[in-house]
There are 2 protein chains.
Amino acid sequence: MTGSSPAGPGHRPTIKDVAALAGVSKGAVSMAFNGRPGVSEATRARVLAAAGALGWEPSLSARALSGSRTDTVGLAIARPARMLGLEPFYMEFISGIESVLAERGGALLLRLVKDADEEIGVQRAWWRSRQVSGSVLVDFRKDDPRASELAGLGLPAVAVGHPSLTGGLPSAWTDDAAAVGEAVRYLAALGHRRIARVGGAAELGHTAIRAAAFEAAAHELGLEQWSSIDTDFSGTQGARATRTLLASPHRPTAVLYDNDLTAVAGLSVAAEMGLSVPRDISLLAWDDSQLCRLTRPELSAMSHDVFGFGAEVARRLLTVLDGGQPEAGPVATPVLTPRGSTAPPRH
Amino acid sequence: MTGSSPAGPGHRPTIKDVAALAGVSKGAVSMAFNGRPGVSEATRARVLAAAGALGWEPSLSARALSGSRTDTVGLAIARPARMLGLEPFYMEFISGIESVLAERGGALLLRLVKDADEEIGVQRAWWRSRQVSGSVLVDFRKDDPRASELAGLGLPAVAVGHPSLTGGLPSAWTDDAAAVGEAVRYLAALGHRRIARVGGAAELGHTAIRAAAFEAAAHELGLEQWSSIDTDFSGTQGARATRTLLASPHRPTAVLYDNDLTAVAGLSVAAEMGLSVPRDISLLAWDDSQLCRLTRPELSAMSHDVFGFGAEVARRLLTVLDGGQPEAGPVATPVLTPRGSTAPPRH
DNA sequence: AACACCACCTGTATCGGTTCAGTAAATACG
DNA sequence: CGTATTTACTGAACCGATACAGGTGGTGTT
């Protein structure tokens, strides 16, 4: 049991114990341990040795209480559990946030809520009870109440979403409009003239942005026909939307999906209907995850460094916590990754 | 801006402000707010009104410091981010834990680490710095160092895994051996005599348990042939393992997978090789998630209330934190959910 | 009227850190 | 050699809550 505390289980040492062992005052221990000037190198070494021997680390609560920063960051996600699990997006995103927080000794407080109102309650409670020093806000809707509520509280936050949605909060976003444009131009360049889109949840701000960008691109390229169907991002609804599209009399020759789950479901539906991908129909996914490479053919996708995105969000939040003004501007634009599910339409 | 604090942003009220506004002492506010006896109902009402008016909630740090419990629970997961995102398991599991913690005002501290050693470091730091009052440990390996290390620290924890793996820690687990037995008996009852298994990560304790149970069941039923191939749970390795199995001269007629991702990949491989599921080959998944219903045919699976499992784990941990002895015994046994990917073998 | 008793509340110590005004000793300077 | 400056440290105040001994006033009892 190499790591068992010398003091024995059950009793965690405090700064007082360390001070006693090192033969100095509490204040000296604090200075020594935090690398502050005011103690000799000899003393610092003795203190560190004593701390090591006792297995002491400063209590975060006590630190927080006496005014120091703690960098505990809150994230509340408002989507049903069952769907969250399937969206590879969030785990990678969280993982990216953490990678940055961990460097600074920070921590991520995670909470799954059912809607924006519950989230406001949670964030408010976190802030008031000083559990978090800042938060990351995701999934912005039109006229989202969170921005003004939380700004009113004074909660430092970074919003994930286009600035047009995030009501003045510092934000981080991917340039979805540009990516939709690229996707549509790619399909058009392959020769597609009838392109449909299976969108995400209609309430989400970025769904509207993508929808608008899709319209604009279709218009600009003079496509023969286009349409969007919104879903809740689930496989079930992705399948249903695809069925509707493919069963229509003048069916599209290409479909652009808003996430990978609906695209995978769409692929199954195409197979079920006896259509060959990409010969009869091209499919293009979004939020490229490993899921896109599990299917036959593999799904072409607009891919996206979600981990890096999370990391950048965390960096911007830390800047805010440091009292700075975070860099403004999109984090990245998803890039086209062609695989086997897209090809020129059969004449 | 209905919720903006009357005190204005930037200044969070403390118990002193509330006491002043209500015209009582700090002690009285504490008693009143926490529903303790010692204050008249009239005073309690005044205090609550004052707290509401100022938007005050007690600082968790201060509370923790003065001895009260906090119920912040730690969870460190040691798997690569890219795979975590794909395993629907974790998000649902986390969600289940949270649902229970939230009721008691608790919180979940999440950390993604790279291996057991890093996890030990994280848990130790969490415990020593009093950031968590207990932890959930997952993914036990053979001779896992965590049990003894963390028990040595005195960290209250609940281990997710069979007691044979978790070294005396209070634990919660699903009866995988029984479920594997059921799966094999089901396939045998359909008439399969050559059954293979695509397992998870070999280092994980439950993989060994399932492998042993698979052997035992195959033996007991007098199967003609059986074998296991281990993977890292990823789609890529699931595909490779399936390819190996299906390309063998005397190929199995049924394959049992250890998670849904490898099963989905296996399904693609079968299609790629021109084999029809379930006519030529039956596939049976594990950890049934929505993913299993996205494919054609839909995947039969050993399904599993992961959310409920997480909730039970949290309940047992809270029992430990309350100083009690949590219920021992498996939480549940995965149950067979037949869908379109299993059928009697072609003669 | 004297006393006990209770309900209600105040004041203070305490938790484990950080911070900072002092102080004492060591070094630099004229 | 006496005085200024620096260095190294101590001691106490403080952060925001909880806990508890003690004080105050009102009611009940004899």
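Lettering of chains follows the sequences in order, A, B, ..., and the numbering in each one begins at 1.
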Mind checking [X] for me? I need base, sugar-phosphate or nothing, with any heavy atom below 4.0 Å counting as a touch.
X: Arg69(A); value: nothing
X: Arg44(A); value: nothing
X: Gly67(B); value: nothing
X: Glu41(A); value: nothing

Would one find more than 12 heavy atoms of other residues, nucleotides or ligands at under 6.0 Å from atom CG of Asp143(B)?
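No.
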With a 4.0 Å heavy-atom cut-off, tell me which residues in residues 16-26 of chain B come close to DNA chain D, sorted by residue number.
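DNA chain D contact set from residues 16-26 of chain B: Lys26(B).
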Mind calculating the distance between CG (Leu60(B)) and C1' (dG16(D)) to the nearest angstrom?
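One finds 12 Å between C1' of dG16(D) and CG of Leu60(B), rounded.
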Less than 6.0 Å separating the ring centroids of Phe33(A) and Trp56(A)?
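Yes: the rings meet the under 6.0 Å criterion.
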Given axes from five pairs at either end, by how many degrees does the helix from dA1(C)-dT30(D) to dG30(C)-dC1(D) bend, rounded to 10°?
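Computed from the C1' atoms at both ends, the axes differ by 50°.
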Nearest of dT18(D), dG17(C), dG16(D) to any side-chain atom of Ser68(B)?
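Of dT18(D), dG17(C), dG16(D), dT18(D) is nearest to the side chain of Ser68(B).
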Looking at Arg63(B), does any N or O in its side chain come under 4.0 Å of the phosphate oxygens OP1/OP2 on dG16(D)?
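Result: no.
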Short side-chain N/O contact from Thr14(A) to OP1 or OP2 of dC15(C), under 4.0 Å
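For Thr14(A), the contact criterion (side-chain N or O under 4.0 Å from OP1 or OP2 of dC15(C)) is not met.
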So, are Lys142(B) and Glu203(B) salt-bridged, with charged N and O less than 4.0 Å apart?
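The answer is no: the pair does not qualify as a salt bridge.
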On the ring face of Trp127(A), is Arg12(B) found with NZ or CZ under 6.0 Å from the centre and within 45° of the axis?
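Yes, Arg12(B) sits over the ring of Trp127(A).
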Please tell me which of Ser61(A) and Gly38(B) maps to the more 5' nucleotide of DNA chain C, matching each residue to the nucleotide holding its nearest heavy atom.
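Upstream on the strand: Gly38(B).
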